[in-house]
Structures are given as C-alpha cells and as structure tokens.
Number of protein chains: 2
Amino acid sequence: MSQNLSELDLSHLQEALSRSGQKVTPQRETVFKVLLAKRDHPTVDEVFNRAREAMPGLSLATVYNCLETFVGCGLVRQVNHERESTRYCPNLAPHAHFRDKETGRVHDIDLPPEVLGSLRSILPPGFDSETIEISFHGRAQAKDGPAS
Amino acid sequence: MSQNLSELDLSHLQEALSRSGQKVTPQRETVFKVLLAKRDHPTVDEVFNRAREAMPGLSLATVYNCLETFVGCGLVRQVNHERESTRYCPNLAPHAHFRDKETGRVHDIDLPPEVLGSLRSILPPGFDSETIEISFHGRAQAKDGPAS
DNA sequence: TTCCTGTTTAGAATGAGTCAAAATCTCAGC
DNA sequence: GCTGAGATTTTGACTCATTCTAAACAGGAA
C-alpha cells in the first residue's frame, strides 16, 4: 500500500494535466495514487472505495470525473469487457487484456511491436485506426501474485 | 429486404437450435431473418424495430431472449464497443471489428489465420484463451455500400 | 475584495439490460 | 382430438452503471 509512489509517477499527472490546461487538485491526486498503488484494473466503485480511505468526503461523481479526465489526457486506459463495469488501467505500454472467466481478474498481456504491426496490416486501405483493443477471454492458471 | 434468404441460412438456425435441444419458433425465425437480411451489426433496439415490421406483436424481451439463445448456440456473435449498446453479428468467420468514429458504423475486418496465430502466441504459458476480440477504432473512408 | 473559471458535490435522471410471474404454445403420449 | 409437461413469450417492474443538473466551492487575476 506504498506511500512511496515515485515523484516521477505523480509528475506524470502534473504534466499530462497541464498539457491539456487542467489543474492538479487533491481529488485528482488521490484518485491517481489509487490507480498506481494497486494495478489490478479496478472499477469505478473500487477506485471510489479505495480513494475514500484517504479522502472521506470524495464523491462518486468526482471519481467519474477524474477518471474521465485521465483518459482524456492519455494518462489511463479504459478496459471494457462485455457489459461489465468499466475498469481502469494506468499501464500505457501497448498491451492486450486477458480476462479470467473464473476469477474475473484482468491481466495485462504484453503486445510486441511486430504483432501490433501485423494487426494493423489487416486493415484494408481507407481504414485509419487510432486505437486497437484486444481482449482474450478464458482461464488463467492460478499464477497468483498481485492481480496484475 | 429480400424474401430470398437461402434455405441454407435458415437450416443453420434449425440445426444449431436442435443441437442444443431448443425449438425453432416463429419469433426466433423472424429475429434470425432480420440479422441475415441486413448485416450491419444492429443493436437490440434496431433488431426489435425491424422484426416488428414482420411480426407486430413481438416483444422486446423476446428479442433479448432470441439473441441470447443465438449467441449461446454459436449462431451469432456479440459486438461490444466501449459502453455502447451491444450489437449483433451473424458473421461466424474469424474477424475483427472496426468502429467508425464519425458514423458509428461497425465494419468486419477479415482476420487471416496467421495473424490470429501470432496473437495467440503472445499469451504466456498458463493462459488458456477461448475467445479473442479485436476492435479498431478510427475513421473509415466513406467507401459506401451496405454498412457491412 | 470581487469576478471568473474550472472543479466538486449530491441527488435526480437515463437507459441498457435483467428478472419474475402469468399467459401461451408445442408436442409426446394417450 | 385431448391432456399435461416443459419450453417460450409477454408484460411490466426492477437494477445498476453511468450521465446530467444545479448549486456550492476554490483559487487565481484584476
């Protein structure tokens, strides 16, 4: 539950927000720290509950606002699986997601550039893709450890 | 709005349903025909409206039921994009989806076996994937024609 | 201070989807 | 052709993630 989030991580927040003309507020800091502290793809509700430990007055709407802001300035990615609640992920490296049928956990799967390339190459001319989402669904061996 | 859907298509329905011990009903036929008639990844609401032209008494819940049944017996795939309404797709060949930012249309993108293979290969040992969903998001040149 | 703008808050509203229970259908067995 | 069991459909109520609205708040420029 580290208090030792590197300054570097928080400076990302600072930088990304000011890049898009927005302010660093206590709420945004708190929410961002929650995302960095446990990278388990929490839902809004989970973020809300964790964040309230540090900031009891925080409102759910604000958590929605913060997360939307982060997504908007590229700090965080949304992860959707079927119709379940949206989850949030501060891993900015290109990666796919694997959703475990049994546990519901979401795992990051590293996406090598050549695979990304071959994916891009299947688009016929005229299709200009900004984002690609890849999600696997199945069972993962209980390789425990932090629910990545 | 072709009445000439091949017998073959409808026999798929027949076969897939009885394979899982379920009945062919007028409602299911109607809904299935709607999916085949215009392969534009309709939402439940769109299916509902189209189906009611042929069967005015049809209820929304039944459309949900039918589509769930079809997905369950592998006749149809669900397509989710972000938090938008679920769409349905009778194309069973392996393919990705491209969602046009501007029009909202969803296009099927053919997925060659070798690309599918290279995707599978990025899974670390212990990850056993049953389904893969790939979705692109961006702009598509107005290569008009039926909103594939 | 005062104003302005962006942010946060609480609560109401939305809307896709699900559920429960009654009505209806189908069809095997008589 | 009837009967009864099981599947299917219907209606309407319900859930719940998310969005919206309007009022309070914060903090910097004038």
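Computed from a predicted model, the values in this text were never measured in an experiment. Protein chains get the first letters and strands the later ones, always in sequence-line order, with residue 1 at the start of each.
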Exercise. Not counting sequence neighbours, which residues clear ring pair (Phe, Tyr, Trp, His ring centres under 6.0 Å) with H81(A)? List them please.
Key: none
Practice problem: Can you sort out the partners of Y88(A) under ring pair (Phe, Tyr, Trp, His ring centres under 6.0 Å), two or more places apart, ordered by chain and number? | Solution: none
Quiz prompt | All salt bridge (charged side-chain N to carboxylate O under 4.0 Å, His left out) counterparts of E46(A), not counting sequence neighbours | solution = R87(A)
Quiz item: Do side-chain atoms of H95(A) reach the backbone of D108(A) as a donor and acceptor pair under 3.5 angstrom?
Solution: no
Quiz item: Picking from V79(A), L35(A), V76(A), what satisfies side chain to side chain contact (heavy atoms under 4.5 Å, CB included) with C89(A)?
Solution: V79(A)
Quiz prompt | Terminal contacting nucleotides, 5' and 3', DNA chain D versus chain B (heavy atom, 4.0 Å) | solution = dA7(D) to dT18(D)
Exercise. Report the end-to-end axis angle of the helix from dT1(C)-dA30(D) to dC30(C)-dG1(D); each axis comes from five terminal pairs, and the value is rounded to 10°.
Key: 10°
Practice problem: Identify the heavy atoms of F136(A) and S129(B) that sit nearest to each other, and give their distance. | Solution: CD2-OG, 3.5 Å
Self-check item: Summary of salt bridge (charged side-chain N to carboxylate O under 4.0 Å, His left out) pairs that have at least one residue in residues 50-73 of chain A, sequence neighbours excluded
Solution: D40(A)-R50(A)
Quiz item: What string of B, S and - do you get for nucleotides 5-10 of chain C, 5' to 3', when a contact is any protein heavy atom under 4.0 Å?
Solution: -SSBBB
Practice problem: Output all residues satisfying ring pair (Phe, Tyr, Trp, His ring centres under 6.0 Å) with F70(A), sequence neighbours left out; order by chain, then residue number. | Solution: F32(A)
Quiz item: Where along residues 78-90 of chain A does a heavy atom fall under 4.0 Å from DNA chain D?
Solution: S85(A), T86(A)
Self-check item: ring pair (Phe, Tyr, Trp, His ring centres under 6.0 Å) partners of F48(B), counting only residues at least two apart
Solution: none
Quiz item: If only atom types and distance count, is the side chain of R99(B) paired as donor or acceptor with the main-chain N or O of S135(B) below 3.5 Å?
Solution: no
Self-check item: Pairs flagged by salt bridge (charged side-chain N to carboxylate O under 4.0 Å, His left out) wherever residues 73-83 of chain B is involved - sequence neighbours left out
Solution: none
Self-check item: Contact list for residues 114-128 of chain A, test side-chain hydrogen bond (donor to acceptor under 3.5 Å, both in side chains), sequence neighbours left out
Solution: none
